[in-house]
Amino acid sequence: MIDKTIPLKNKERIWQVVYRIPKGQVATYGQIALLAGLPRAARLAGSSLKGLPKDTSIPWHRVINAQGRISLPPSSPSYKEQIKRLTEEGILIHNQKISLRDYLWEP
DNA sequence: GTTTTGACTAACT
DNA sequence: AAGTTAGCCAAAA
């Protein structure tokens, strides 16, 4: 039988993984890429979040870099939004850094 | 087809 | 600890 199923675009696979990050926890770009079956494509994880609609249900704000920092330009509007959302979920940020030890998602 | 780009990272200074 | 470098890989140009 020929397989007619449409393969998911990589972007969509990234989104699916991000969607699973529990509230109050965070994940890194590299981790997301890995779980999406794209090891070492951390940059793709990042660019896949760019351009998501503002009202998306995908919790893009729970994705941070491997150093526990927000990877957006601090001048960007989204930067403040991300801090706001994380704080609202009970995630504390000290000196621009989030403790991976405390909040990192372990699937 | 080739080259450039980037919400990245691990490994070095 | 903080800054730099080289490697990464899928998309977009």
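By convention in this document, chain letters (A, B, ...) are assigned in the order of the sequence lines, proteins followed by strands, and residues within each chain are numbered from 1.
Distances were taken from every side-chain heavy atom of A:Asn10 (C-beta onward) to each of B:dA7, C:dA11, C:dC9; the shortest belongs to C:dA11.
Within 6.0 Å of OH in A:Tyr19 there are 12 or fewer heavy atoms belonging to other residues, nucleotides or ligands.
Of all heavy-atom pairs between A:Leu72 and A:Ser78, the closest is CD2-CB, 3.2 Å. Among all heavy-atom pairs drawn from A:Pro39 and A:Leu34, the shortest one is CB-CD1, 3.8 Å. Between A:Ala42 and A:Ala33, the shortest heavy-atom contact is N-CB, 3.9 Å.
A:Gln82 has its side chain within reach of A:Trp60: a pair of non-hydrogen atoms, C-beta onward, lies under 4.5 Å apart. Side-chain contact check for A:Glu88 versus A:Lys84: some heavy-atom pair is nearer than 4.5 Å. Side chains of A:Val26 and A:Val63 form no contact here, defined as non-hydrogen atoms less than 4.5 Å apart.
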Reading 5' to 3' through nucleotides 8-13 of chain B, protein heavy-atom contacts under 4.0 Å coded B for base, S for sugar-phosphate only, - for none: BSS---
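Put simply, CG on A:Leu38 is 16 Å from C1' on B:dA7, counting in whole angstrom units. Going from atom CG of A:Leu86 over to atom C1' of B:dA7 covers 13 Å, rounded to whole Å. Distance A:Arg13 CZ to C:dC9 P: 15 Å, rounded to the nearest Å. For the pair A:Lys11 NZ and B:dA7 P, the computed distance is 13 Å after rounding to whole Å. Separating the CD1 atom of A:Ile83 from the C1' atom of B:dA7 is a distance of 14 Å, rounded to the nearest angstrom. Atoms CZ (A:Arg69) and C1' (C:dG3) sit 12 Å apart, rounded to a whole Å.
Near-neighbour residues of DNA chain B inside residues 96-107 of chain A, defined by a heavy atom below 4.0 Å, are absent.
Here A:Arg85 pairs with A:Glu81 in a salt bridge; the nearest charged N to carboxylate O distance falls below 4.0 Å.
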